[in-house]
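We're numbering straight along the sequence, starting at 1.
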Amino acid sequence: HNQSYYILICSVAGLSRCSRLTLLRAHSTTAPLHQGLPGSLWKLGRLNHIAIAVPDMEKATALYRDVLGATVSDKMPLPEHGVYTVFVELGNTKLELLHPLGEKSPIAGFLQKNKSGGMHHICIEVDDINAAIVDLKAKKIRTLSAEPRIGAHGKPVMFLHPKDCDGVLVELEQA
């Protein structure tokens with residue numbers, strides 16, 4: 001059944017002249033407009049961290065700890081990812097300072113192109129990383145590894161190709 005809705009369009013000057021538009025609402029067979037696919041099995045969560053590649057880990061750590069007054073973690077080696085990490089606590093999210101560990105570190109290559117460092121990636125939590133990966137691959141979003149790996153927080157992570165994400169390296173992390 002069609003329902004009619006009326007909208008009154010009145011002139012701004014004194015509301016003296018009005019006209020009525022009739023809008024008909026029909027039953028729609030299209031899906032409602034919302035983010036994600038209907039029945040999607042996974043959801044994006046909060047921003048977990050923004051990662052910054054730094055050429056000098058001690059200097060960068062001192063900046064956030066001593067100059068800006070942030071709480072920072074100890075420097076942690078992650079050999080499987082080829083990086084050292086330090087996390088800077090910001091209350092609602094974190095910064096992850098990254099420095100190369102080993103000759104094959106992806107951060108070493110980044111720093112060769114960006115001598116003074118810079119933003120490397122963003123990390124967003126997902127409620128089901130495996131469902132997210134299957135869904136994103138079906139949507140032609142490339143991943144940088146075949147399977148999730150364990151990240152700095154001890155949880156599965158997957159990096160999405162920056163060419164498929166508007167030039168941003170996106171890390172998904174299991175919440």
Side-chain angles (χ1 to χ4, degrees), residues 34-66 68 70-175:
H34 59 82
Q35 191 173 0
L37 290 177
S40 182
L41 299 176
W42 67 280
K43 290 186 178 147
L44 278 180
R46 70 181 191 93
L47 175 68
N48 184 284
H49 64 266
I50 296 172
I52 301 170
V54 298
D56 183 334
M57 183 64 93
E58 287 68 31
K59 181 180 174 189
T61 301
L63 168 68
Y64 288 99
R65 182 189 59 228
D66 303 335
L68 299 176
T71 300
V72 300
S73 72
D74 291 332
K75 182 166 114 176
M76 300 270 305
L78 290 177
E80 63 276 12
H81 292 275
V83 296
Y84 287 103
T85 65
V86 168
F87 281 95
V88 179
E89 295 294 329
L90 298 178
N92 62 343
T93 191
K94 297 179 279 296
L95 297 178
E96 179 184 34
L97 306 180
L98 298 172
H99 186 74
L101 170 62
E103 295 177 6
K104 296 183 180 179
S105 172
I107 299 305
F110 182 90
L111 288 172
Q112 285 175 356
K113 296 175 192 168
N114 305 277
K115 300 290 185 206
S116 59
M119 194 188 92
H120 185 262
H121 69 268
I122 64 169
C123 176
I124 303 172
E125 295 176 0
V126 293
D127 64 348
D128 186 338
I129 195 161
N130 293 317
I133 293 166
V134 168
D135 187 39
L136 291 168
K137 284 182 176 181
K139 293 174 180 173
K140 307 293 186 224
I141 303 296
R142 292 171 286 177
T143 59
L144 298 188
S145 61
E147 298 294 326
R149 297 188 296 172
I150 299 302
H153 299 114
K155 298 178 179 181
V157 299
M158 176 62 80
F159 285 88
L160 306 180
H161 200 296
K163 289 185 179 177
D164 297 339
C165 299
D166 299 312
V168 176
L169 179 59
V170 175
E171 178 186 19
L172 299 180
E173 179 180 280
Q174 178 67 48

Query raised in the report: Closest approach of His121 and Leu169, non-hydrogen atoms and distance?
Result: CB-O, 3.1 Å

Requested in this report: Apply the test side-chain contact (heavy atoms from CB on, under 4.5 Å) to residues Tyr64 and Leu95: give CA-CA distance (whole Å), side-chain angles for both, the deciding distance (0.1 Å), then the verdict.
Outcome: CA-CA 10 Å; Tyr64 288 99; Leu95 297 178; 3.4 Å; yes

Query raised in the report: His161 side chain to Lys163 main-chain N or O, any donor-acceptor pair under 3.5 Å?
Result: yes

Query raised in the report: Do Ile50 and Met119 have side-chain heavy atoms sitting under 4.5 Å apart?
Result: yes

Query raised in the report: Does atom CD of Glu103 have more than 12 heavy-atom neighbours from other groups under 6.0 Å away?
Result: no

**Report entry** Salt-bridge contact Lys94-Glu89 (side-chain N to carboxylate O under 4.0 Å)
**Finding:** no

Requested in this report: Answer yes if the side chains of Glu171 and His49 hold a donor-acceptor pair under 3.5 Å, and no otherwise.
Outcome: yes

Query raised in the report: Can you tell me how far CG of Leu47 sits from CD1 of Ile124, rounded to the nearest 0.5 angstrom?
Result: 6.5 Å

Query raised in the report: With a cut-off of 6.0 Å (strictly less than), are more than 12 heavy atoms of other residues, nucleotides or ligands near CG of Asp66?
Result: yes

Report summary line: Residue set satisfying salt bridge (charged side-chain N to carboxylate O under 4.0 Å, His left out) with Lys155, at least two apart, ordered chain then number -> none

Query raised in the report: Are side-chain heavy atoms of Val157 and Leu172 found at a separation under 4.5 Å?
Result: no

Report task. Look up atom CG in Leu101 and atom OG1 in Thr85, then write down how far apart they are to the nearest 0.5 Å. Result -> 10.0 Å

Query raised in the report: Are the side chain of Asn114 and the backbone N or O of Ser116 linked by a donor-acceptor pair below 3.5 Å?
Result: no

Report summary line: What one should report as the nearest heavy-atom pair of Pro148 and Ile133 is CG-CD1, 3.5 Å

Requested in this report: Please tell me if the side chains of Trp42 and Asp135 come closer than 4.5 Å, counting only heavy atoms from C-beta onward.
Outcome: yes

Report task. Carefully, step by step, assess Val126 and Leu44 under the rule side-chain contact (heavy atoms from CB on, under 4.5 Å). Result -> CA-CA 5 Å; Val126 293; Leu44 278 180; 4.0 Å; yes

Report task. Show your working on side-chain contact (heavy atoms from CB on, under 4.5 Å) between Leu136 and Leu160 and close with a plain yes or no. Result -> CA-CA 9 Å; Leu136 291 168; Leu160 306 180; 4.0 Å; yes

Report task. Ignoring hydrogens and angles, tell me if any N or O in the side chain of Arg149 forms a donor-acceptor pair with the backbone of Glu80 under 3.5 Å. Result -> yes

Report summary line: All heavy atoms of Ile107 vs all of Leu98, minimum pair found to be CD1-CD1, 3.7 Å

Report task. Calculate, to the nearest 0.5 Å, the distance between atoms CE and SG belonging to Met158 and Cys123 respectively. Result -> 13.0 Å

Query raised in the report: Do you know which two heavy atoms are closest between Val170 and Cys165, and how far apart they sit?
Result: CG2-CB, 4.0 Å

Report summary line: When rounded to the nearest 0.5 Å, the distance separating OG1 of Thr71 from CZ of Arg65 is 11.0 Å

Query raised in the report: Rounded to the nearest 0.5 Å, how far apart are OH of Tyr84 and NZ of Lys75?
Result: 5.5 Å

Report summary line: Scanning both residues in full, the closest heavy-atom pair of Pro156 with Ile129 reads O-CD1, 3.5 Å

Report summary line: Between Asn48 and Glu173 the two heavy atoms that sit nearest each other are ND2-OE2, 3.1 Å

**Report entry** Side chain Lys140, main chain Lys137, donor-acceptor under 3.5 Å
**Finding:** no

Query raised in the report: Can we say Asp127 and Lys43 salt-bridge, meaning some charged N sits less than 4.0 Å from an Asp/Glu carboxylate O?
Result: no

Requested in this report: Side-chain contact test, heavy atoms from C-beta onward, threshold under 4.5 Å: evaluate it for Met57 versus Leu97 and give yes or no.
Outcome: yes

Requested in this report: Not counting sequence neighbours, which residues clear salt bridge (charged side-chain N to carboxylate O under 4.0 Å, His left out) with Asp56? List them please.
Outcome: none

**Report entry** From CA spacing to verdict: side-chain contact (heavy atoms from CB on, under 4.5 Å), Ile122, Val168
**Finding:** CA-CA 8 Å; Ile122 64 169; Val168 176; 4.0 Å; yes

Query raised in the report: Take atom CE in Met76; do more than 12 heavy atoms of anything else shown fall under 6.0 Å from it?
Result: no

